[in-house]
Amino acid sequence: MKTITKWIFVCTYLLAHICNAQTVSLSYPINNSVLQRNTLDKATATIAGQLIHTSLAVTLSYRVRTVSAKGVVGAAGPTTNLSLASNGMFYTSLVMNKGWYICEIMLNGVVYASGKFGVGDVFIIAGQSNAQGYGNTAYSLPSSAGIPEWIIGTSEDRTCKKTFPASFTSMFSLNTPDEAKRHGRLGPSGNGIWAYAMLGKLVSDANGGMPVAFFNAATAGSSVTEWKQGSEGIEAKHPYTGAQVCLGYAGGSVNPSDYYGLPYTTLKNALNFYGALFGVRAILWHQGEADADLNVNPSYKATSSVDYQTKLQAVIAKSRADFGAPNLTWYVSKASISKFGPLNSTVRTGQGNVATGLPNLNGSETDYVSGNSGTTTASDGGDEYRSDSTHFYEGAGSIKGLTWLANKWFSTIGALANPVAAGWVPQLTYSKNADWRTLTAQGAAVQYMWSKVGINGPAVPGGNASVYTTDEQYLGIRCYMKDANGNWHVSPAINVGKYNNQRIAADYDEETQESEEPGFELNAYPNPFTAHFTIAFEVPENNSQVRLEIVNTKGEIVKTVVDNPHAKGKWLYEVRNLPDRSSEILFCRLKINEHFTIRKLVQLTK
């Protein structure tokens with residue numbers, strides 16, 4: 001009886017001191033992101049977010065740990081305290097060596113929030129279907145076994161859209177065993193992980209083990225003429241339909257002018273968004289099969305090697321101007337073979353005439369099996385590199401076409417040169433006068449947009465300047481800033497407004513308590529528990545990425561309860577089969593998009 005009474009006292013004391021609806025949002029580093037390294041193998045990482053707590057008289061700090069290729073977390077680095085603005089915002093930066101890390105944010109010594117990030121190489125892909133990937137789930141892909149978790153991409157789908165990515169929650173590791181994801185989108189417009197997980201591993205291994213990211217902006221069946229017309233913002237007819245590229249895609253608009261700028265706009269947006277956020281090592285260009293197709297109307301393709309050269313050079317020049325990076329590296333492949341035509345010397349000469357030296361370098365040579373002469377990769381009725389005489393595939397025989405393609409790309413990617421660093425992250429300042437809050441975005445820009453729904457808008461009323469004043473309540477408002485080069489810089493997400501309704505009664509004084517944000521409702525019962533308990537929480541917005549974990553006092557994950565998108569509303573999960581940790585204090589950690597909330601748990605002797 002004395003033991004039970006003691007535990008009731010201890011648990012009551014503990015729970016009374018953690019029942020505030022406290023939340024940490026961690027906007028930067030973006031989870032599963034890779035920052036482009038410089039020639040010294042370093043990059044500057046930003047740590048930014050917001051603490052929402054009834055009192056800021058607490059210690060908020062961060063530490064960084066290394067993470068292995070298989071996700072094993074290393075020893076904790078030094079702990080550094082964070083300075084807090086009056087609304088709990090925090091912002092700092094640090095220079096990191098190439099590698100894969102986890103950044104942990106701690107509140108009074110307890111790990112509240114964490115995000116994985118790395119320093120390595122970032123590639124953007126452009127061209128046609130052997131760059132984009134072939135969207136056929138029957139195609140075998142290279143095994144994910146042995147692929148480090150730090151080879152990453154995004155599942156964000158911007159195919160045939162002129163808008164920017166809608167969120168930051170779609171980054172994923174290309175080592176995923178999930179076949180639906182392996183054959184799904186490699187954003188913004190790619191189909192599946194294709195050869196890129198293997199290419200990432202090859203690049204990583206050659207550089208001592210470092211993260212590699214891929215963003216795929218290719219368009220199937222596209223010609224170089226189509227790309228040039230897109231870069232000019234005019235009608236670009238697809239060589240295999242004779243109509244404006246993307247017209248009516250997935251039930252979309254049947255107005256051709258709605259798609260003017262494509263397919264180039266997908267590449268431009270990838271540079272202005274992903275390139276600005278993470279930096280870029282190079283563009284990987286693989287295209288030419290459509291231009292070599294003897295059946296394509298000459299008005300839709302290059303008519304000579306000089307015509308191909310001139311058009312591709314125009315696309316390259318436009319990308320550099322639109323990104324504000326005159327020395328942006330392009331790797332240009334030699335590619336012409338398809339089921340519609342044999343090796344085409346006219347196209348190949350045009351490609352070769354573009355890749356004359358840095359910053360225009362030779363890319364993969366995919367017409368020939370080895371080198372640039374001898375046996376070609378054209379289908380011959382035997383063991384094949386191409387499944388349908390056009391698209392490379394991981395065949396059942398001894399020839400593994402996608403692994404071969406990855407090695408072909410890797411053989412051309414030499415020493416790092418002309419990397420473009422990630423752009424600056426806007427820092428916000430805050431002030432308050434009665435119910436009015438003023439947010440100011442630091443940094444020069446030609447366009448400002450304060451929005452709670454994303455970069456594609458709309459802006460909140462009055463949210464089109466560097467200073468925004470409001471008495472409204474917002475969950476996760478950001479300032480999106482476009483610089484003079486057209487690149488976007490995205491502030492941390494900030495929560496503003498008066499919220500008292502989710503305070504626990506024991507700690508909440510309705511007359512005096514006030515918070516910038518309530519934190520997410522998170523409850524666990526019974527607590528203390530013995531064998532099992534139920535977790536209840538509410539998701540404030542549809543299609544929110546939710547991760548629910550049980551962690552110990554060291555921040556180690558004991559159990560992942562759920563990690564997937566959730567609809568708006570109340571959710572319940574029963575937790576069973578935890579390790580027998582007699583009398584140990586655990587934490588239930590809820591992450592909804594960028595926001596982390598914790599509830600303390602006590603496990604009694606079974």
Side-chain angles (χ1 to χ4, degrees), residues 34 36-37 39 41 69 98 100 118-127 130-134 140-153 173-175 182 186 190 192-218 280-288 329-335 337 351-352 355 357-377 385-386 391-395 398-419:
V34 177
Q36 177 58 49
R37 61 180 171 135
T39 54
D41 289 337
K98 69 179 181 182
W100 190 233
V119 174
D121 281 345
V122 179
F123 295 97
I124 296 179
I125 301 150
N130 273 319
Q132 183 187 36
Y134 190 49
S140 294
L141 297 170
S143 170
S144 61
I147 303 298
E149 75 161 24
W150 57 56
I151 310 302
I152 68 100
S173 173
L174 302 194
N175 75 349
R182 280 162 50 82
L186 180 61
I193 65 173
W194 201 232
Y196 300 116
M198 182 60 67
L199 174 58
K201 174 176 169 34
L202 293 170
V203 173
S204 176
D205 290 350
N207 288 276
M210 69 173 188
V212 182
F214 295 96
F215 298 98
N216 195 329
V280 182
R281 174 171 178 175
I283 306 295
L284 305 182
W285 172 263
H286 190 288
Q287 187 279 334
T329 300
W330 274 65
Y331 285 93
V332 179
S333 295
K334 284 190 174 180
I337 291 175
Q351 293 163 340
L358 195 68
N360 295 344
L361 300 175
N362 285 307
S364 57
E365 163 62 86
T366 60
D367 283 343
Y368 289 103
V369 172
S370 181
N372 55 9
S373 63
T375 304
T376 71
T377 56
Y385 290 88
R386 306 170 188 261
H391 300 102
F392 296 104
Y393 84 126
E394 202 76 349
S398 60
I399 294 176
K400 304 297 182 185
L402 291 174
T403 297
W404 172 87
L405 178 60
N407 278 276
K408 274 285 192 171
W409 266 117
F410 173 67
S411 68
T412 69
I413 298 174
L416 177 66
N418 297 342

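Not measured: the values here are computed from a predicted model.
Listed for the R182 side chain is a donor-acceptor partner under 3.5 Å among the backbone atoms of P142. N216 places a side-chain N or O within 3.5 Å of a backbone atom of A131 that can act as its donor or acceptor partner.
The CZ atom of F215 sits 8.5 Å away from atom CG of L186, with the distance rounded to the nearest 0.5 Å. Note that OH of Y385 and OG1 of T375 are 8.0 Å apart. Values are rounded to the nearest 0.5 Å. K334 contributes atom NZ, which lies 9.0 Å from atom OH of Y368 (distance to the nearest 0.5 angstrom). One distance of note links CD1 of I151 with CE of M198; it measures 10.5 Å at 0.5 Å rounding. Rounded to the nearest 0.5 Å, atoms CG (N207) and NZ (K98) are 5.0 Å apart.
Evaluation of the ring-ring contact (aromatic ring centres under 6.0 Å, His included) rule for F214 yields F123, Y196 as partners, not counting sequence neighbours. The salt bridge (Lys or Arg N to Asp or Glu O under 4.0 Å) check on R386 picks up nothing, with sequence neighbours excluded. Among residues two or more places apart in sequence or in another chain, the side-chain contact (heavy atoms from CB on, under 4.5 Å) test is passed with Y393 by Y139, E384, S387. Take N360 and apply the side-chain contact (heavy atoms from CB on, under 4.5 Å) test, not counting sequence neighbours, and it matches I316, R320, W330, V354. By the salt bridge (Lys or Arg N to Asp or Glu O under 4.0 Å) test, E365 is found to be paired with R348, residues two or more places apart in sequence or in another chain being considered. Not counting sequence neighbours, S144 has no partner by the side chain to side chain donor-acceptor pair (under 3.5 Å) test. With sequence neighbours excluded, no residue forms a salt bridge (Lys or Arg N to Asp or Glu O under 4.0 Å) with K400. For D121, the salt bridge (Lys or Arg N to Asp or Glu O under 4.0 Å) test picks out R37, R281, with sequence neighbours left out. With sequence neighbours left out, S364 forms a side-chain contact (heavy atoms from CB on, under 4.5 Å) with H286, S333, T366, K408, W409. Partners of T403 according to the side chain to side chain donor-acceptor pair (under 3.5 Å) rule, which considers only residues two or more places apart in sequence or in another chain, are E394.
In plain terms, the two heavy atoms of A355 and V332 that are nearest each other are CB-CB, 4.3 Å. Heavy atoms only, all atoms of each residue included: V280 and I124 are closest at CG2-CD1, 3.9 Å. Between A126 and A218, the shortest heavy-atom contact is C-CB, 4.0 Å. Of all non-hydrogen atoms in G133 and W194, the two that sit nearest each other are CA-CD2, 3.4 Å. Pairing each heavy atom of V369 with each of T376, the nearest pair is CG2-O, 3.5 Å. Here the shortest heavy-atom pairing between N130 and L405 reads O-CD2, 4.1 Å.
Residues L358 and T329 meet the side-chain proximity criterion, which asks for heavy atoms closer than 4.5 Å. Counting heavy atoms from C-beta outward, T39 and P419 have side chains that approach closer than 4.5 Å. Side-chain contact between D41 and V119: absent, with no pair of heavy atoms (C-beta onward) separated by less than 4.5 Å. Side-chain contact between V212 and L199: absent, with no pair of heavy atoms (C-beta onward) separated by less than 4.5 Å. Counting heavy atoms from C-beta outward, N362 and T412 have side chains that stay 4.5 Å or more apart.
Contacts classified as salt bridge (Lys or Arg N to Asp or Glu O under 4.0 Å) and involving residues 142-151 (residues at least two apart or in different chains) are given here: K116-E149. Residue pairs meeting the salt bridge (Lys or Arg N to Asp or Glu O under 4.0 Å) criterion with at least one partner in residues 194-203, sequence neighbours excluded, are K201-D205.
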Show, in sequence, the C-alpha distance, side-chain angles and deciding distance for I413 and Y331, and conclude whether the side chain to side chain contact (heavy atoms under 4.5 Å, CB included) test is met.
CA-CA 8 Å; I413 298 174; Y331 285 93; 4.1 Å; yes

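Between W150 and W100, the ring planes are perpendicular. Angles over 60° get that label, and only those under 30° would be called parallel.
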